[in-house]
There are 2 protein chains.
Amino acid sequence: MNTPTPPLSISAVERETGLSKDVLRKWEVRYGFPQPLRDAFGERIYPPEQVNRLRLIKRLMDIGMRPSKIVARTEEELLALAASRHVAMPPAQEPEIETNALEMLRRHDPEGLRHTLHRQLLRQGLVRFVQDTIAPLNHAVGEAWSRGELEVYEEHLYTEVVQSVLRAAMTGINDRHGRPRVLLTTLPEEPHGLGILMVAALLALEGAYCLSLGTQTPLEEIANAVKAQAIDIVVLSFSIIYPPRRIPPALAELRQRLTAAVEVWAGGAGTARLHHAPTGTRLLPTLEDALAALEDWRSAHAALLSSEFSAAVTSQP
Amino acid sequence: MNTPTPPLSISAVERETGLSKDVLRKWEVRYGFPQPLRDAFGERIYPPEQVNRLRLIKRLMDIGMRPSKIVARTEEELLALAASRHVAMPPAQEPEIETNALEMLRRHDPEGLRHTLHRQLLRQGLVRFVQDTIAPLNHAVGEAWSRGELEVYEEHLYTEVVQSVLRAAMTGINDRHGRPRVLLTTLPEEPHGLGILMVAALLALEGAYCLSLGTQTPLEEIANAVKAQAIDIVVLSFSIIYPPRRIPPALAELRQRLTAAVEVWAGGAGTARLHHAPTGTRLLPTLEDALAALEDWRSAHAALLSSEFSAAVTSQP
DNA sequence: TTATGTATTTGTCATGGACAAATTGGTTGA
DNA sequence: TCAACCAATTTGTCCATGACAAATACATAA
């Protein structure tokens, strides 16, 4: 059916696996893998099997394994490792909706998934839907993906469906005069935008004004937007694929670029492994934390808000 | 107000400007710019002014200028160049909605923009809205951005608003039994997803089944999805920022990975500058081309579709 | 057990050279 | 005048190797 997959150049492999060229070359020397062939001009070309194995390695590294322990392993060993990570949940405990959704994804039935989710949304209401359905489902999808049970495109599909359901649900509930004014986005290396959508849904429902910039906004532009939009809180989302070591410096840098009055929150699975947030920033490993943080902000600013309000009222003729 | 922006490392500059480390180092040698300072370890650190100038240069390169002509220029010269690109349209000719929308963006009024667009959508209907409002508006926004009149984040904001309006309009019109079955996405280096959304709206309205994988799907995964979803047509979108030289090889590679029965279409502003499509692929520089291509596909497959239909009918007991 | 210090691992950066692919500009012929 | 061709130049990407800070693992003392 398909033409056999052709070998890839080093930059193609960087794109497909997310491993930088430097890393690919270093591993070759240090661990003896990958071992790309060379083309007529001496440049590395990676056969598809090696690219697959690299993908697998990347997945395992994303869940905390170290290169020295896995890069030199055979594909079988890697698969075994990936499988052993999965602690099966008793089927009775795994919510039915979750099993159903994964099943639909595997059966390539995006429309069915959309309908199921939409029905669930109507049943539960937006808050519980986000917290009790989408969040665990995200986790389950991420887990399944890291075990190699889902293709990348199936994950894309999942994202699209959830996004369309959530966006549809959110239309109209965002109050442009709501406070606080929250800016949500991700940094340039983070393409996953589901997290910000979920948080936006929760916060908007609580009366905050949520402004999403989508994904991959440069720091400087975030700072510009904060200034122009009179933002109170910036929420960044980091998925599991974001290099954890880069999160604190990135947060610190953003922190430094903003006035002290603007809060910086970081959420998403990528922040769960972090111990300390840089000073002046706040970690929100779970969605509950986001709501709690909103509470805190409100009580801290209660006096200010009401004085602002009375000022606005008294200034009216 | 803000802490003065700190100098950036080479990888931070790569992230912020989209210029690779290799390119940054080579320009330093070849053109004498940038001229980063060095930190205590001898590593390059780029002052914010140089990063800004690099952004400006990148913009000019995206519209076709060559490094040797611009990299060594002063910021003033660059700004003059950028300004001179703008051939002012007689205000009378520029549709009011366009001026309004740009104005709202500059005034940082996303909600106003959303309302205006939504009203316009109801007035025009989806097809004309996409073709006559969103498409020229996209162009105007892109132009304004390339002249430096819009910030990156303002463009993000624009994208978010248009996306939410289009997605809302599309709910329910996608028929899962429609033909052809169209897969829409972008390649890994292309983050702009508006194009596929616009095409999806048009095609779905014409009765095609549109499956969007969102942005940045690896080639291999596109091939997987095509197989699993019994796709008839793959539509890729390339914005102006995608390196034009990489489009033909990418299309050719995708073409090679799919069976001949699956068509490959490429649309978006990035394809306008291309002369020839690789054999077996089709270029759709404008939205009209997409509709025309759909017509062509339908007439080419008319016989097949009806025989398929009758087969399905007769196979029913 | 918890701290603390040392060793190792690992990603990123630097340098400088090579070259293919793309672009430019000039020349020739219809 | 235009198109097609060729040579010179430009430009991005790749290679090899070495260096080193930061992160992590490990062992030892409190």
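These numbers come from the heavy atoms of this one structure, side chains and all, not from hydrogens, waters or symmetry mates.
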Counting heavy atoms from C-beta on, name the nucleotide in [options] closest to the side chain of [X].
X	options	result
A:Pro67	D:dT13, C:dT10, D:dT11	C:dT10
B:Arg38	C:dT24, D:dC20, C:dT15	C:dT15
B:Ser11	C:dC13, C:dG11, D:dA21	C:dC13

Atom of B:Leu283, atom of B:Leu251 and distance for their closest heavy-atom approach: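 Here B:Leu283 and B:Leu251 meet closest at CD2-CD1, 4.3 Å.
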Quick one: closest heavy-atom pair of B:Arg255 and B:Glu263, and the distance?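 Reported closest heavy-atom pair: NH1-CA, 4.2 Å.
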Rounded interatomic separation in angstrom, taking CG from B:Asp22 and P from C:dC19: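 Interatomic distance, CG of B:Asp22 to P of C:dC19: 17 Å.
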Can you tell me how far P of D:dT11 sits from CG of B:Leu19, to the nearest Å?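 Result: 14 Å.
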Donor-acceptor check, side chain of B:Tyr158 to backbone of B:Asn138, threshold 3.5 angstrom: yes or no?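 Side chain of B:Tyr158 to backbone of B:Asn138: a pair is present.
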Between the main-chain N or O of B:Arg55 and the side-chain N or O of B:Thr17, is there a donor-acceptor pair closer than 3.5 Å?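 No, B:Thr17 side chain to B:Arg55 backbone: no donor-acceptor pair under 3.5 Å.
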Determine the contact category for B:Arg66: base if any of its heavy atoms lies under 4.0 Å from a base atom, sugar-phosphate if only primed atoms, P, OP1 or OP2 are that close, otherwise nothing.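 Contact class for B:Arg66: sugar-phosphate only.
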Ignoring backbone atoms, establish whether [X] has a side-chain N or O less than 4.0 Å from OP1 or OP2 of [N].
X	N	result
B:Arg25	C:dG17	no
B:Arg44	C:dA14	yes
A:Lys21	D:dC14	yes
B:Tyr31	D:dT10	no
A:Trp27	C:dG11	yes
A:Ser9	D:dT13	no
A:Ser20	C:dG11	no

